[in-house]
Amino acid sequence: MTAKRALTVLAAAAALTVTATTAASAAPARAAACGAGYVGLTFDDGPSGTTTKLLDALRQNGLRATMFNQGQYAAANPSLVRAQVAAGMWVANHSYTHPHLTRLSQAQIDSEISRTQQAIANAGGGTPKLFRPPYGETNATVKSVAARYGLTEIIWHVDSQDWNGASTDAIVQSVARLTNGQIILMHDWPANTLAAVPRIAQTLASRGLCAGTISPQTGRAVAP
């Protein structure tokens, strides 16, 4: 082996060692940062005109979330669905037109859910595995139709009340109530929610919690 060749082999070996060491040290560091567990940040009713700013804020603050999209908006704004995925978010089903599903026939419920599945898939958001009924209203028929499409129904443990005019402070305080595995309801459009994102990140970090994905098996937040 020539001296040049030997140096190349040594350099490659050193690079592999550094990469392996970095990966090995990153895992414990992440485990320590998330020592108290994972919570599910969820944003309903997108994509909208504020989605891009929300995604930028989440990404800048190292947060990932589940976006419960309305099918009608996914169909109208496919580029924003792709942007959600590109930003590391998970895309889920929130019905097509946001009706009170428990007041509809089984066929109407089916249409709301199936059209949203198709709209999100067509927009590049993948095939959703999670479904949130509008207003959190559900019954046996809604559950059975969702299950037919392989969807797990997800409600929430904490309601931020951002849809009801909650202040930025109140939204942050709602996040502070979350414990391991729990899910919080927020929305894509309120200005106060967007303003709260940096403080949400700080609040979770101070409590040893990380933003996780929602398990279709358990319906709770878990490590991504």
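We're numbering straight along the sequence, starting at 1.
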Requested in this report: Answer whether the closest heavy-atom distance between the side chains of I184 and R177 falls below 4.5 Å.
Outcome: no

Query raised in the report: What do the steps show when you test L130 against L151 for side-chain contact (heavy atoms from CB on, under 4.5 Å), and what is the final call?
Result: CA-CA 5 Å; L130 306 176; L151 292 162; 5.6 Å; no

Report task. Test side-chain contact (heavy atoms from CB on, under 4.5 Å) on R199 and D169 and set out the steps. Result -> CA-CA 9 Å; R199 290 173 58 194; D169 284 347; 2.7 Å; yes

Query raised in the report: Given side chains that start at C-beta, do those of W189 and W163 come closer than 4.5 Å, heavy atoms only?
Result: yes

Query raised in the report: Taking it one step at a time, do T51 and D188 satisfy side-chain hydrogen bond (donor to acceptor under 3.5 Å, both in side chains)?
Result: CA-CA 6 Å; T51 297; D188 174 277; 2.8 Å; yes

Requested in this report: Over all heavy atoms of both residues, which pair between G124 and V81 is shortest? Give the atoms and the distance, please.
Outcome: C-CG1, 4.4 Å

Requested in this report: Taking Q182 for its side chain and T179 for its backbone only, find out whether a donor-acceptor pair lies under 3.5 Å.
Outcome: yes

Report task. Mind checking the OG-CG spacing from S48 to L80? Nearest 0.5 Å is all I need. Result -> 7.5 Å

**Report entry** Non-hydrogen side-chain atoms of W90 and R64 separated by less than 4.5 Å
**Finding:** yes

Query - Distance-minimising heavy-atom pair for G71 and A119 - result: O-CB, 3.6 Å

Query - T127, N93, N122 screened by side-chain hydrogen bond (donor to acceptor under 3.5 Å, both in side chains) with Q117, the one that passes - result: N93

Report task. Give a yes or no on whether the ring-centroid distance for H100 and Y135 is below 6.0 angstrom. Result -> yes

Query - Path from F131 to Y73 over hydrophobic side-chain contacts below 4.5 Å - result: no

Query raised in the report: Shared ILVMFWY cluster between M186 and M67, side chains joined below 4.5 angstrom?
Result: yes

Query raised in the report: Just how far is it from atom OG1 of T102 to atom CD1 of I109, taken to the nearest 0.5 Å?
Result: 8.0 Å

Query raised in the report: Going through the distances and angles, do E112 and T97 end up as a side-chain contact (heavy atoms from CB on, under 4.5 Å)?
Result: CA-CA 7 Å; E112 284 286 331; T97 63; 2.7 Å; yes

Report task. Taking the side chain as every heavy atom from C-beta outward, state whether Y96 and S111 have any atom pair closer than 4.5 Å. Result -> no

Report summary line: dist D162:CG -> I171:CD1 (nearest 0.5 Å) comes out at 5.0 Å

Query raised in the report: Can you find a pair of side-chain heavy atoms, one from L41 and one from L63, that are under 4.5 Å apart?
Result: yes

Report summary line: Value for CG (L204) from SG (C34), rounded to nearest 0.5 Å, stands at 9.5 Å

Query raised in the report: Which is it for T66 and M89 under the side-chain contact (heavy atoms from CB on, under 4.5 Å) test, yes or no, and what are the steps along the way?
Result: CA-CA 6 Å; T66 301; M89 309 303 152; over 6 Å; no

Query raised in the report: Are V85 and L54 joined in one hydrophobic group, where the rule is that I, L, V, M, F, W and Y side chains link up if heavy atoms are under 4.5 Å apart?
Result: no

**Report entry** Result of checking T42, D45, N69 against H94 for side-chain hydrogen bond (donor to acceptor under 3.5 Å, both in side chains)
**Finding:** D45

Requested in this report: Group every Ile, Leu, Val, Met, Phe, Trp and Tyr by side-chain heavy-atom contacts under 4.5 Å, then state whether Y149 and L101 land in the same group.
Outcome: yes

Report task. Looking only at non-hydrogen atoms, find the nearest pair between G40 and A221 and report the distance. Result -> N-CB, 3.3 Å

Report summary line: P216 and T152 have their tightest heavy-atom pair at O-OG1, 2.7 Å

Query raised in the report: Should R59 and D56 count as an ion pair when the cut-off is N to O under 4.0 Å?
Result: yes

Query - Close side-chain approach of P134 and H98, heavy atoms under 4.5 Å - result: yes

Query raised in the report: How many angstroms lie between atom NE2 of H187 and atom CG of N164, to the nearest 0.5 angstrom?
Result: 10.5 Å

**Report entry** Heavy-atom pair with the smallest gap, counting every atom of T138 and P133
**Finding:** CB-CG, 4.2 Å

Requested in this report: Report yes if some heavy atom in the side chain of I113 is under 4.5 Å from a heavy atom in the side chain of S95; otherwise report no.
Outcome: no

Query raised in the report: If you round to the nearest 0.5 Å, how far is CD1 of I214 from CH2 of W156?
Result: 12.0 Å

Report task. Find out whether R115 and D110 are in side-chain contact, i.e. whether some heavy atom of one side chain is under 4.5 Å from a heavy atom of the other. Result -> no

Query raised in the report: What's the shortest heavy-atom distance between S167 and N192, and which atoms?
Result: CA-ND2, 3.7 Å

Requested in this report: Treat each ILVMFWY residue as a node, draw an edge where side-chain heavy atoms are under 4.5 Å apart, and state whether V142 and V145 are in one component.
Outcome: yes

**Report entry** P198 and its side-chain contact (heavy atoms from CB on, under 4.5 Å) partner, picked from N61, T203, V172
**Finding:** N61

